[in-house]
Number of protein chains: 2
Amino acid sequence: MVASLVGDPARANMLTALMNGRALTASELAQEAGITPQTASSHLAKLEAGGLIEPEKQGRHRYYRLTDDDVAFVLEGLAGLAARTGHMRVRTGPKDPALRRARICYDHLAGDIGVQMLDSLRTRHLIRQKKQDIELTPDGERFLAKHLQISPYMLAHPRRPVCKACLDWSERRHHLAGTLGAAMMQRFAELKWAARDATPGSRVVNFTRTGEKQFAALFGNGKD
Amino acid sequence: MVASLVGDPARANMLTALMNGRALTASELAQEAGITPQTASSHLAKLEAGGLIEPEKQGRHRYYRLTDDDVAFVLEGLAGLAARTGHMRVRTGPKDPALRRARICYDHLAGDIGVQMLDSLRTRHLIRQKKQDIELTPDGERFLAKHLQISPYMLAHPRRPVCKACLDWSERRHHLAGTLGAAMMQRFAELKWAARDATPGSRVVNFTRTGEKQFAALFGNGKD
DNA sequence: TTCATGCTTCGATGGTAGCCGAAGCATTGT
DNA sequence: ACAATGCTTCGGCTACCATCGAAGCATGAA
């Protein structure tokens, strides 16, 4: 079973270290997990058999990376559940600052930036939140149309909600998911405000200088 | 860690059995997992501590359900990863007779029909539900008076609540109990929409053809 | 070749967690 | 009041698996 693979602390640490999409060698992962290379080798073999990671030989090194984004998404979901109960692992969240700052979660924005955006929308009453359910206010619709050229009919979907609160892996607070979350991320990309990192498999989102400014103007909290 | 909770085969079986959203008793979950009640109790306590499931006491039974959709979503993700590498689990289909459809629970309607009725009342805002407590809305009172000739003063009782959510035995979701639940069942009988099965001791409720139509007109969900 | 580095396999060990029998509460029914 | 049912707690047993030392393969460098 896949879950039992992730359940072991040593393996969980390895997977967490791989969450930024980069590949790491077996020794590096051993050090991350705080175990000897022999033990790590055993764990890595199991993770590979379970389809969670893929190896790539290079010289006498063996690089491992997460198989694909689906794995990362499931891991993020698990971390979200763990964060809810407060019983989170000692080693929490990503070490990579860039990954903490902004990253892709399925198809929407996550990380510090993503949380900040949802906060801003909420405090300015552009959305209304009741528990898990979020809906756009009339003000919010006007705001989206004016500044991002997003209109409600673009967001309609038979099964997916327009707005949804998604628990952020690193921040432990909610960011915005749903068709609106996806549409906004797409618009940021189209406007050349931000783009996924070029590194294959990376989930980091890099903001351009102007993108950062524009974003701050719309969703800034005055702190940066 | 959450993943280690899901990692254990016995617990995974329990969670899988709960994936359809219905609640199951501790003993039933024990049987699902193929373990003794003592062991199951230990597992269930851990799952509850991990925030994956929530208990609901009813009589001497203890029903467990998944905490919310987020849990189910993550479990689905895990199952998806597991399916990729090879084997997945298969579980249960319906196995019950027409007792599942409609039956008497004390003095009110239970079964698929009963659950459907409560759902309908809720989605149309004829009742307001906060956790276990339910109350009629003004719209609800008008609705009852107009279509079923039930007025609020008929429902007053010194000790019994007007509305109460009662966990359905077969559907494992709530149906409507309380004086209102009883009054509605009684009215259905008076209107010759439905009647208890003639067989002595049977709790099956048979709907007449016109009764079925009228009921569907009032509480139908368009699916039947 | 010879050595060094990186990783894997083998074997033994120990800690942890699942498991069940027996007994203890709690609730319900008679 | 008494018995029956459902669930939990306790104690001991067992099996599994993570862990590491030592040795065995690879690859690359001298």
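Bear in mind that the values here come from a model prediction, so they are computed numbers and not experimental data. First the proteins, then the strands, lettered A, B, ... as listed; each starts at 1.
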Fill in the blank from the handout: Letter by letter from the 5' end, nucleotides 10-19 of chain D scores (B base, S sugar-phosphate only, - none; protein heavy atoms under 4.0 Å) --------SS
At a cut-off of 3.5 Å, list every protein nitrogen or oxygen paired with a nitrogen or oxygen from nucleotides 24-30 of chain D, distance to 0.1 Å.
{"residue": "D:dT27", "atom": "OP1", "partner": "A:K57", "partner atom": "NZ", "Å": "3.4"}

Practice task
Check the angle between the aromatic planes of B:F215 and B:F188 and answer parallel, tilted or perpendicular using the 30° and 60° thresholds.
Solution key: perpendicular
Practice task
Sort and list the pairs that fulfil ring pair (Phe, Tyr, Trp, His ring centres under 6.0 Å) and have at least one residue in residues 47-81 of chain A, not counting sequence neighbours.
Solution key: A:F73-A:Y106
Problem - B:I53 side chain near B:L15 side chain, heavy-atom distance below 4.5 Å - result: yes
Fill in the blank from the handout: Per nearest nucleotide of DNA chain D, the residue lying toward the 5' end, B:R62 or A:G34, is B:R62
Handout entry: Set of side-chain contact (heavy atoms from CB on, under 4.5 Å) partners for B:H125, sequence neighbours left out
Key = none
Handout entry: Exam field: side chain B:S151 to backbone B:A145, donor-acceptor pair closer than 3.5 Å
Key = no
Completion exercise
Separation of D:dT8 atom P from B:H61 atom NE2, nearest Å, is 13 Å
Handout entry: Pairs meeting criterion salt bridge (Lys or Arg N to Asp or Glu O under 4.0 Å) with involvement of residues 138-151 of chain B, two or more places apart
Key = B:D139-B:R142
Fill in the blank from the handout: note: B:Y63, atom OH; D:dT5, atom C1'; distance rounded to Å ~ 13 Å
Practice task
For B:Y64, report the nucleic acid contact type (base, sugar-phosphate, nothing); a contact means any heavy atom under 4.0 Å.
Solution key: sugar-phosphate
Practice task
Specify the separation, in whole Å, of atom CG of B:L29 and atom C1' of C:dC19.
Solution key: 17 Å
Practice task
Could I get the full list of side-chain contact (heavy atoms from CB on, under 4.5 Å) partners for A:S4, not counting sequence neighbours?
Solution key: A:M1
Fill in the blank from the handout: Output for pair (B:H43 NE2, B:N13 CG), nearest 0.5 Å, gives 10.0 Å
